[in-house]
Each structure stands twice: as structure tokens, then as C-alpha cells.
Amino acid sequence: MATEGDVSPREAEVLELLGARFSNAEIAAKLFISVRTVESHVSSLLRKLEVPDRRALAQRAAGSQPHQEPVPLPAPLTSFIGRAKERAELSEMIMAHRQVTAVGPGGVGKTRLALAVAAEVAGRYADGVWFVDLIPLTDPGMIATAVAGALGLGEQPGRDLTESVIAAMADRQALLVFDNCEHVVDGVALFLEPLLAACPRVRVLATSQARLMVPFERVYQVPPLSLTGESDAVALFTERAAAAGWPLDPPQHDQIAAICARLDGMALAIELAAARYPTLGLDGITAGVSHPLRMLTGGSRADERHRSVRAVLDWSHALLEPADQELLRRVSIFVAPFTVSAAAEVAGFAMHVVADGLARLAEQSLLVVTPAPKGTSYRALETIRQYGTERLSQAGELAGARARHLRWCLTQAALLAVAGPDWRSRFDAVADDLRAGLRWAASEPEQRADAYRLARHLAELTFTRHLIGESQQRFEQASALADDPAATASMLRQAAEVAGCRTRGDDTYRLYRAAAQAARHAGDTAGAAVDLATAATAAYRFSSTFVQLPSEEEAAALVCEARSLAGDDPAAEAAVALAEAGVLSDAFGAVQGPADNAVPQTLARAERAVELAHRLGDPLAESAALDALTAAHAWAGDTFACAATAGRRITLLSMTDKPETPGGIHELIDGLGMAVQTSLGVGNLADALRWGRQLAGHPALAEVGHRATSWLLVADALAGDVGELLAAGTRFLDAWRRADSPAKAALGPAAAAVAMIHNFRGDHDAEREWQVVLERLGDSSERTYGYGALFDAMRMLHHGHAGEAMERMAPEPGQVWKWVTWIWLHWYVAIRAEATVLAGSPDARDRLADARTMVAGNPVAGAIVERAEAFLDQDHKRLLATADVFEATGCRYQVARTMVLAGGEHAARGAAVLADLGLAPITGT
């Protein structure tokens, strides 16, 4: 048996994170590798450590690595002083209550206290302590985005970010620290209520200048630093002064205490004062804190929450040279870290002047400096930033600074249109400023044109960043800001395409209809026709993604209206033709479609849609039409035409010049899924596995592993690739559960296939686990007569229950054509024929003859039928010859089954192949 010594360093890292109960997506994010690479490491660990499944791996890792995962909290650059009483009180309160808010004025030390307490209690939380910095946010609606970023999560199709976070945390035991909530209190309150209700083992510690005002909140009032006895305030001043290189002698204690008392024990004020000690001395500091403007009464934000810290900031601000005061005001417009060049552009000063000024401000503790290989960045603490913004307003410079910041945002957005290896980090560095710039511009009528441009850019950028929920929101925002109805229509169409990527059918339908209305206002009746037709098509093509399906009558009315508006416009004619094939002839086999199709009419309409789209020269339109034709061939029972059409679609999409657009990605993902299915249908397992792996590895599906791997699991099961199936199955289950176990019938074939393989392995606990998943996905006609019948019968044959298998597949294909003629036809016919032979049915030979005709050209199904006939004729040579066919097609399970059916010494070879695959022996013929 292998030991941990045989495990590579990277595998050891993966093993440690498995023990900490991280998902594959989370492990990939932490180690900066792909999810696919994580799956490979997990598969290797299963083999090396000879454990049966991921659960055993996690248990082994947790047992051999007892230390806690490092707490991902910000690491303060200075020591934490005192606060023993407060730390104990706050720690006790967190243990007693689900949500605690540490409340106090700006500068009192809420964040440092929260971080100290969180670090102390981290060992109580199996899934760690997570820090969510709300400082950059300007929009209360972006709370979920900030939390998802801190947790390394992305949005899952069919769910917004709030739902995605809740699903990810549902079974976690964790403490979330929300820092600086005061400017987004309403948004935090709305986010926390469903989070805490759905995540019983999650606790929240928030810091804010004002309480959240929610019924489940417990408030801890953070007091100023103690000023008497063993004064924490004096200890803080003394330590910070010493850190600046000027240790203080004990006799100066009383003078320091007097300064701290003048500063009301405010931690920020004391730190700023101590930083001035080397240049001002205690006398100078004493004079400074005696300034008559210590308590401000002017300004739009002059309220009790800001007064004490404002006194310190006013004092610190007064010590600056006028040029540095002006620079501090102007850079306060940034909500996130900024560079010298960004500051120069927004402040409107020369680069060298800004560089010198920022250095001086950093020396005065008014800016935080973060050195990095790609350049130094600066950030103003939030209270200082707010103070600078107020000063900017008082100086009458706020509008000008925001306008310059908006121009900078537009420039950054344009630069981000160019991809590169560091694109993600470049976007993340400016994203909060882009959002802040858009928020301001959208509220200023004279900035409407620039607000539209920035909203459009941000929609495109967030889509590339896989923040697809925000992308849809920004496209819709851009549509509302556009002055031109044609631009409005364009933005709504792109919002609809993003909604499609999110599998939000209702939104897709709504947005295409809104785009049609905008197009009509623009005088573009042909564009309106395309939009109406596309909305109707979506209702049938993607019916499984809808919550509330449009009725047949409503969809048909849209097609009729689109036809009346289309005229002789080629794009409109093509869209209407596709809608007629999809809606009127139900080419896609929709939920609300009729039980059976008029196949010749369906084929004719689909072929016309393809012809018109091809003439148009639009690959995405042609891809959609080919999707309809693929399904029409399926209903016609022409499995090979079905596969050829799906392959033609993939070839077309691989040559498109719009691969990264929402529409392009949506078509490609759908096309890859169709290519896997149709390749399986004709027995081309190599292509099915190839397309399945490409789909599973697509970055747009990184956070939805159940959707990404579903068809790869079916291909792995039919090929007998057990190791690959176990790795992909782990990803499927992990992602499906984190998505709150959606009851999506389209996932049924994957669950049934994996359950079958676990049955072959003799792992009945795992089989039951997958059967539970299958039941959760719901019953359907396809499960009853299609894939369900196939996988049930294969399992029965594995255990020698041929009579039961024959009964399970009793219906003739023509009786259940819509569920069998799809990709299951050849497999259904072949396995059904084999069951008939092994059960000793008197009509076995007739069924074999029918089956041979039906599966002609399919190497796997044809070999199954040939094997069954050879078995019936007791022709061992012919029977064994089929093993070579199965080997050539990559279907190793069927190789082993052939050997077992041959009996004698061949049965032992078959058992060895099964053992090599990780499967239990076949028990009967």
C-alpha cells in the first residue's frame, strides 16, 4: 500500500485542503491551478493511497493533519495593544449569538479589535474565519459580490450571487467578519437575514459606525481605549512612537496620558499623534490637539458619528502644506487602491508632483502604501477618504474631481478590453472604482452619455470575469441609460444572451421582448421581428430553464407577429424560420410541446431555417438552426445524421469571430453538450469523451461542475473509464450540493450512469447516494423509457438477471420513440436484443435481425448485437472477435463482458480486466 511518502508535494497540498473540506473549485482557486488539474490530483491520490472515495481521502487527510487551516485574515503591520476586557466580552458574545455588530465611531479601533478576536476564536470554526472588506463598496446591492470574492466563489447559472454564497455556506461552520458596514448598512442587513436563516452553523461579526437594525442583531459598543490605570491608550502611543524610532521615557507618562485624553482615547487619533512625535515632540502635539476646530460643526456630514475622528483629521490636515492638502482631497475620490499615474490623472497634477506628494501623505499616516512587483499602490483609510471627500466638496471641487475620475474609469475600461495574462488582476484592481464612477455618473443627467459607455464596458468586463449576474444587470442598466432606442435594443439583446448563459429562461424571454419594443421605437421593424422570433424560440429551445413557461398560444402569437414584421429582411426571415421549426413543429422536444411531431414537416422547417441562416452568414444564427435540425433528425430516427449535424455545428462555432461574446459562449456550451450526446448515439466514444472533456474544462462552467461534467460522466460510464468517472463524479456532487441540489431533469442521465458504475463496483453505499440524487432530480418519460431503461437493464445483465432486463425494456422503440430515438436508440435496441437472447426468448432470432438492421454502422451497438447472435449460435470465435471491436472503440467494460460470456479460460481474463477497471465480477450470463 502506498504511503504519504509516495505523494507529490502538490498532491500533499490538495490532500490537506481536502481534509479541510474545501471543494475542488476552492482548491483550484487557492492553489492557482485549474479544476481539471485538481480532479487529476484527487484521482491520483485515490489510487496511490488505495482509498475508495473522496470521503475516505478527506478523513485520512483530517486525521493525519490535525493543525488548523491558516485563518485568511488581514495581517496587521503593527502589534495589537491592550483591550483584554473588550476581547473577552466580544468573544463571549460571539459564542452566544449568531450575529454581533461591533459599533463605535470612526477611528475607535473596531477593525483591529474584530481581527484580534477573530484570530483568537478561529479554532472553534472547522471551516475557518473569512474577512469581507466592505470599504471599496459604494452600492449596497454589491454585498454578495464582496462576500463571493472573499470566499473565492463565482455565480452559479440559475442563481444570483446571494443564492450562490448561501448554497456554498449551507453546511459550513465558519465565522464571517464584515468590516466597515456603515455606508452599506441596508445592503448588509438584507444579505445577512437569508444567509443566517439558511446557514445554521455560520456566525457573523460586523463592524460599523451604526447598528444594522435587524431583529437578530446583538450590538457590542466598542469603547475608547482606557485612559486610567494600566492605560491602553498610553501603551498604544508609547509603542507607536517607539516604532517610529523615538522611544519615550517613563517620566513622560502623564503628558502622554493628557494627550490621549484630549483625543478621547480614539485609537486612530492616538496613532496619528504618535506618528507626529518625531517631528513635533510632545509639546507640539499638545498644541495641535488644542486647536479650536477640534470639534467641527460644519459640513454635510457633521454628525456625532464623525465628530471625534474629524477633530484628529482636521488637526492632521492642518499640518500639511497646501499642495498636499489639495492632493489628499483629490485622491479621496478613489474607493480602492490607486497608483501614482492614476492619481496624477484624476488629481490633474504632473506625475512627479503627485509622486512626491503621495510619499509625504504616506509618511503622515494618511495613506496606506502597498509595494508590489508591478508598482506601488496607495489607499486612504475610509474615514480619511470620507474626510477628504468632504473637504473636496467644501472647496467646490467635487464635481470636477468626479468628472476626471469618470474619464479615468472610461480609459481603464477601454484598456481592459485588451486581454492579457494579468487581465483578471488588472480588472479586480479597478473594478470597485469603475462601479463607483458609474454610480455617480448615472445620477448626473449631464453625464448620461458617459454613464452609458461605462455601463456597457462594465457589462462586457464582468462577463469576461465570469460575474455574469452583474453583467446582465449592467447591460440592463446600459439599456436604461442609452439615449438612442437602437442602442437600448442592442443592450437588451446582450442582456438576454447573458441571461441565457445563466440558464435564466424567464429573463431571456423578457429581455428579448423588451428589445423588440425598443427596436420598434427605433423604427427597426426587422430587428423587432428577430427579437420576437428569438424570444419564442427560447421558450421551446430552452424550456427546461424557465420557471414560468409561456403558453403554446403565447409563443405561437409571437411567431405570427414576428412574421408580420419580418418583410424581406434576411435576418428576420431566418429567425422566423427557426421559430416556426422550434415552436410550430416542436423541433426541440420542448416541455410544453405536443407528445409527437409531424416528423417530415419538422425536418423541412429545420432545414429551411439552416439554409436561411447560412445565407445570412451569421454563425450563431446558423448554429441555433443546426440545433433544431439535429433534434429533428433525432425524432426521425436518423442517429447518424443527428451526429453529423451536431459535429457540423461545432466546426462552425470553432471558426466564429465571436467566441467570447455571451451569445458565442452560450452557443458553444450548448453545442458541446449536443456533440457529446450525438457522438454517444452513434457509438463514437472517442469523440464523446473529447467533447465531454472540453465542456467540463470550459472556464465559464468552472463554478457549476454538475452542469459541466454531466455528459462526460455518461460517456465515461459507457466507455468503462471508472477512474475518470470517479473524479468527475466528485466534482459533480460537490457542485450540485453547493448549488442547493437543483432538481434539473437534464442531469438525470449522469446520475443514473454513475449509480450503475457504483453497482458494478459493488459499492452499494455510493450507489444509494447517487440513487438519492436521481430521485431528487425528478421522474420523467426519458428516465422511464430512455436512459433509465438502458442503465437499469445493463445493471440487471451484469448480475445475470436477463429476464428482468428484458421486461424493463419491453416497449418497442416505436412505442416510446420520443425518449428512445434520441441518443439512446442504438444502445436501447442492442441491449434489448442481448437481454432477449440471454433470457432464452423464443423470438430472440427475429429481434436480433431487426436490431442488426437498426444499429448498422454503430461499432459498439453493432458489436453487442453480433456478440448476442454469436452467443445464441454458440460460435465462440465470432463472440471473441467482438472483443477486438470493443477494444478499438475504447469500450473496455464490454471487452470484459465478452470474455466472461465466452466462458472457460476467457472468463478469467475477463475477470482480470474488470478488476483492472475497479469493477466487481459479472455474476451470471
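Given the structure is predicted, the values throughout are model-derived calculations rather than measurements.
Shown here for A696 and R731, the closest heavy-atom pair between the two residues is O-NH1, 2.7 Å. The minimum heavy-atom distance between M854 and L825, with the atom names listed, is SD-CD1, 4.1 Å. Residues L848 and E869 come closest through the heavy atom pair CD1-CA, 3.7 Å. Residues T645 and L626 come closest through the heavy atom pair CG2-O, 3.5 Å. When all heavy atoms of G589 and W635 are compared, the closest pair comes out as CA-CZ2, 3.6 Å. Considering all non-hydrogen atoms of both residues, T889 and P859 come closest at CG2-CB, 3.7 Å.
Of the charged side-chain nitrogens involved, none lies within less than 4.0 Å of a carboxylate oxygen, so that R768 and E775 do not count as a salt-bridged pair. Using a cutoff of 4.0 Å between basic side-chain nitrogens and carboxylate oxygens, D850 and R847 are not scored as salt-bridged. A salt bridge is absent between R737 and D171: the closest approach of a Lys/Arg side-chain nitrogen to an acidic carboxylate oxygen does not fall below 4.0 angstrom.
In this structure a side-chain-to-backbone donor-acceptor pair under 3.5 Å is present from Q677 to G673. Here the side chain of R808 pairs no donor or acceptor atom with the backbone of A793 at under 3.5 angstrom.
Aromatic ring orientation, W736 versus F732: parallel (interplanar angle below 30°, classes split at 30° and 60°). Below 30°, between 30° and 60°, or above 60°: for Y893 and F760 the angle between ring planes is below 30°, a parallel geometry.
Counting heavy atoms of neighbouring residues, nucleotides and ligands inside a 6.0 Å radius, atom CD of E905 does not exceed 12 of them. Atom CD of E807 sits in a sparse spot, with 12 or fewer heavy atoms from other residues, nucleotides or ligands closer than 6.0 Å. Summarising the local packing, OH of Y785 is surrounded by 12 or fewer heavy atoms from other residues, nucleotides or ligands at distances under 6.0 Å.
For the pair V885/E866, no side-chain contact is recorded, criterion being any heavy-atom separation below 4.5 Å from C-beta on. By the 4.5 Å heavy-atom criterion applied to side chains, V754 and H758 are counted as neighbours.
With hydrogens and angles left out, the side-chain atoms of H798 and R795 include no donor and acceptor closer than 3.5 Å.
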